[in-house]
Amino acid sequence: MENLVLDNNKFEWQKPLREALVEPNPDKLKERVAEAEAAIFLRLQALAQSPNGAVEKQALQDASQLLLSLKREALKFPDWRPE
């Protein structure tokens with residue numbers, strides 16, 4: 001299966017995701033992550049009532065997990081999972 005999370009220019013929400021993944025400045029990284037999360041959220045809302053888009057929905061979920069990892073590792077956000 002192709003990697004839809006970072007597949008070049010397939011979906012609009014991928015641009016802010018890529019920008020977040022390559023941002024070296026921690027202050028700007030917070031902004032980039034917020035922009036990527038907003039783009040993903042808006043796209044998930046748009047797809048919510050659609051019976052189609054299962055592949056893109058999975059890519060959006062994968063992208064959300066990628067951003068969560070970036071927030072934990074690069075921005076030192078706390079891990080909210082129960083131990």
Side-chain angles (χ1 to χ4, degrees):
M1 180 193 315
E2 64 184 320
N3 181 0
L4 290 179
V5 174
L6 296 174
D7 192 16
N8 289 337
N9 301 317
K10 189 147 185 130
F11 304 110
E12 286 183 37
W13 55 265
Q14 291 168 313
K15 183 178 185 245
L17 174 65
R18 280 192 300 276
E19 290 172 353
L21 292 174
V22 298
E23 179 58 61
N25 181 323
D27 293 327
K28 288 185 181 179
L29 179 57
K30 287 180 185 179
E31 259 180 61
R32 299 272 191 228
V33 167
E35 290 167 0
E37 287 177 327
I40 289 169
F41 177 76
L42 290 173
R43 186 59 183 150
L44 282 169
Q45 281 187 313
L47 290 172
Q49 300 303 317
S50 173
N52 303 322
V55 172
E56 185 180 2
K57 288 176 187 175
Q58 182 60 53
L60 287 159
Q61 289 176 347
D62 293 345
S64 293
Q65 287 299 314
L66 187 58
L67 286 172
L68 183 59
S69 294
L70 184 63
K71 285 166 55 173
R72 277 193 221 120
E73 294 169 19
L75 297 175
K76 306 301 182 207
F77 278 37
D79 187 354
W80 298 105
R81 290 179 292 188
E83 293 186 32

**OP:** Please report the shortest heavy-atom distance between A63 and W13, naming the atom on each side.
**Re:** CB-CZ3, 3.7 Å
**OP:** Determine the minimum heavy-atom distance between A48 and K57, stating which atoms define it.
**Re:**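 Minimum heavy-atom separation between A48 and K57: O-NZ, 4.5 Å.
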Subject >> Positive for salt bridge (charged side-chain N to carboxylate O under 4.0 Å, His left out) with E23, one of R32, R18, K28 >> reply: R32
Residues which pass side chain to side chain donor-acceptor pair (under 3.5 Å) with [X], listed by chain and number, not counting sequence neighbours:
X   : result
K15 : E19
E31 : none
Q58 : D62

Original post:
What's the spacing between E35 CD and I40 CD1 if we round to 0.5 Å?
Top reply: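 The distance works out to 12.0 Å.
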Identify whether [X] and [Y] are in the same connected component of the hydrophobic contact network (ILVMFWY, side-chain heavy atoms under 4.5 Å).
X   : Y   : answer
F41 : L67 : no
L68 : L17 : no
F11 : L42 : no

**OP:** For Q49, enumerate each residue passing the side chain to side chain contact (heavy atoms under 4.5 Å, CB included) test, keeping only those at least two apart in sequence or located in another chain.
**Re:** none
Subject >> K30: partners by side chain to side chain contact (heavy atoms under 4.5 Å, CB included), with sequence neighbours left out >> reply: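 K30 satisfies side chain to side chain contact (heavy atoms under 4.5 Å, CB included) with L75 once adjacent residues are dropped.
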Subject >> Residue pairs involving residues 37-47 (criterion salt bridge (Lys or Arg N to Asp or Glu O under 4.0 Å); sequence neighbours excluded) >> reply: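 Of all non-adjacent pairs touching residues 37-47, those that pass salt bridge (Lys or Arg N to Asp or Glu O under 4.0 Å) are E37-K71, R43-E56.
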